[in-house]
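I have placed the structure first, in the form of structure tokens, so that the comments after it can refer back to it.
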Amino acid sequence: THTEIELGQKLGTVHAPQDGIAGMTANGLPIPAAPGRPFGLIAGDGVVLKYDGRVAFAEKTGRALLNKQTISVIDELVISGDLDLKTGNIDFHGFVEIKGDVPDDFIIKASKGLKVTGTIGACLIESGGPVEIGSMAGKEGGQILCHGDFKAGYLNQTNVTCHGNVFVTNEIRNSQVKSTGQIIVERGSIIGGKAVALEGIEAKVLGATSCIRTHLVAGVYFPDADRFDYLHQRLKEINSQVKLIHDAL
């Protein structure tokens, strides 16, 4: 799992230079080793040096970055290509950008926001900020929790819970999408599944001529509605238990 550096964590220690080990030529003649050179470590953003500049500590959470002699802690994690098993799951205190695709079964958590250029499979996505993705084919198991605006090109069989507005360019198909703001499909349709938005739902086409049920709910604050549904279900369960106890007595 790709995790972040914690506040106060020790990042590394600069050791004193050591004498090198002499080598030998093909003719058996000794090659003297050059003496080691001291490494002058420089503290960048989010880093403090202690103990005569030999030990580096993090002053904030983020990702450690060593550039030549400067060590820093930054709050942005960039994956230049596809997410794979070498990188693993991501749990990062900051903004995450993935410039490729995300295959099935990965977990991504980013406290300040997420951007994925490509396609996401059946994954679990949690963001404390806005989310922008190319598309997601969730295979009924993909989930996105977003605390900010959500943008995508296409959604299929995906569960989206957004504390903000939802903007989809092309289509939402067979998905469960909840928004505390608006749900807007700019150029396409909402087909199948369920869409709940407090401030309205807008698309070029709503529903389909086939027998695919499309459930749309506007003007409802979904956290309250979900809480009501949960309490209603609990009430049914309690009434059932009371009946069983009454019959037993």
Side-chain angles (χ1 to χ4, degrees), residues 1-121 123-134 143-149:
T1 301
H2 206 119
T3 58
E4 75 272 11
I5 297 297
E6 299 292 341
L7 174 66
Q9 181 175 336
K10 184 173 77 171
L11 303 176
T13 302
V14 177
H15 298 279
Q18 303 292 322
D19 293 333
I21 300 174
M24 184 178 296
T25 67
N27 297 325
L29 299 176
I31 302 175
R37 299 178 180 178
F39 184 79
L41 188 63
I42 301 173
D45 182 46
V47 174
V48 62
L49 298 181
K50 299 181 180 180
Y51 307 111
D52 298 327
R54 295 185 298 106
V55 185
F57 292 89
E59 287 191 309
K60 65 178 184 180
T61 58
R63 181 172 68 99
L65 177 66
L66 180 63
N67 183 14
K68 295 182 179 179
Q69 292 179 256
T70 302
I71 186 168
S72 308
V73 175
I74 60 176
D75 59 359
E76 182 173 329
L77 173 62
V78 179
I79 307 297
S80 59
D82 298 342
L83 194 64
D84 54 27
L85 294 177
K86 182 178 179 181
T87 305
N89 297 324
I90 294 175
D91 187 353
F92 185 68
H93 186 82
F95 183 84
V96 175
E97 180 177 3
I98 300 172
K99 297 186 177 181
D101 298 331
V102 180
D104 294 343
D105 301 324
F106 280 96
I107 299 173
I108 301 175
K109 297 181 181 180
S111 67
K112 296 185 179 180
L114 171 69
K115 180 178 180 180
V116 178
T117 303
T119 298
I120 302 177
C123 299
L124 174 61
I125 308 296
E126 293 185 13
S127 172
V131 173
E132 181 178 353
I133 67 173
Q143 298 185 45
I144 295 176
L145 174 59
C146 172
H147 291 271
D149 287 349

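Contact record, Gly44 with Ser72: CA-OG, 3.5 Å, taken as the closest heavy-atom pair. Pairing each heavy atom of Asp82 with each of Gly100, the nearest pair is OD1-CA, 3.3 Å. Shortest non-hydrogen contact noted between Ala33 and Gly20 is CB-C, 3.4 Å. Considering all non-hydrogen atoms of both residues, Ala43 and Leu49 come closest at CB-CG, 3.7 Å. Scanning all heavy atoms of the two residues, the minimum distance from Cys123 to Asp105 falls at SG-N, 3.8 Å. Between Ala110 and Gly113, the shortest heavy-atom distance links the atoms CB-O, 3.3 Å.
Within the structure, side-chain hydrogen bond (donor to acceptor under 3.5 Å, both in side chains) pairs that include any residue of residues 19-48 comprise Asp45-Lys60 (at least two apart or interchain).
Remark: the Asp84 side chain and the Thr87 side chain contain an N/O donor-acceptor pair separated by less than 3.5 Å.
Separating the CG atom in Leu145 from the NE2 atom in His147 is a distance of 4.0 Å, to the nearest 0.5 Å. Summarising the geometry, atom CG belonging to Leu65 is positioned 11.0 Å from atom CG belonging to Leu77; distances are rounded to the nearest 0.5 Å. The line from CZ of Phe39 to NE2 of His15 is 12.5 Å long, rounded to the nearest 0.5 Å. Ile90 CD1 to Glu126 CD: the interatomic distance, rounded to the nearest 0.5 Å, is 13.5 Å. With rounding to the nearest 0.5 Å, the separation of CD in Glu132 from NZ in Lys115 is 5.0 Å.
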(request) Evaluate the criterion side chain to side chain contact (heavy atoms under 4.5 Å, CB included) for residue pair Ile5 and Arg63; output intermediate values, then yes/no. (result) CA-CA 6 Å; Ile5 297 297; Arg63 181 172 68 99; 5.8 Å; no

(request) Verify side chain to side chain contact (heavy atoms under 4.5 Å, CB included) between Leu114 and Ile108, making sure each step is shown before the conclusion. (result) CA-CA 9 Å; Leu114 171 69; Ile108 301 175; 4.1 Å; yes

(message) Determine whether Val78 and Lys99 satisfy the following criterion, side chain to side chain contact (heavy atoms under 4.5 Å, CB included), listing intermediate values before the conclusion.
(response) CA-CA 8 Å; Val78 179; Lys99 297 186 177 181; 3.9 Å; yes

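A donor-acceptor pair under 3.5 Å is absent between the side-chain atoms of Gln69 and the main chain of Leu41, judged by distance alone. The backbone N or O of Gly94 sits less than 3.5 Å from a side-chain atom of Ser111, completing a donor-acceptor pair. Here the side chain of Ser127 pairs a donor or acceptor atom with the backbone of Gly129 at under 3.5 angstrom.
Counted within 6.0 Å of CD1 on Ile21, heavy atoms from surrounding residues, nucleotides or ligands total 12 or fewer; the atom is thus considered open.
Contacts of Lys109 classified as salt bridge (charged side-chain N to carboxylate O under 4.0 Å, His left out), with partners at least two apart in sequence or in another chain: none.
The shortest side-chain heavy-atom distance between Lys50 and Phe57 falls under the 4.5 Å cut-off.
Leu83 pairs in a side chain to side chain contact (heavy atoms under 4.5 Å, CB included) with only one of the listed residues (Val102, Asp101, Asn89, Ile120), which is Val102. Tested against Phe106 for a side chain to side chain contact (heavy atoms under 4.5 Å, CB included), the candidates Leu124, Ile125, Leu85, Ile98 yield a single pass: Leu85.
Taking 4.0 Å as the cut-off between side-chain N and carboxylate O, Lys112 and Asp75 count as a salt-bridged pair.
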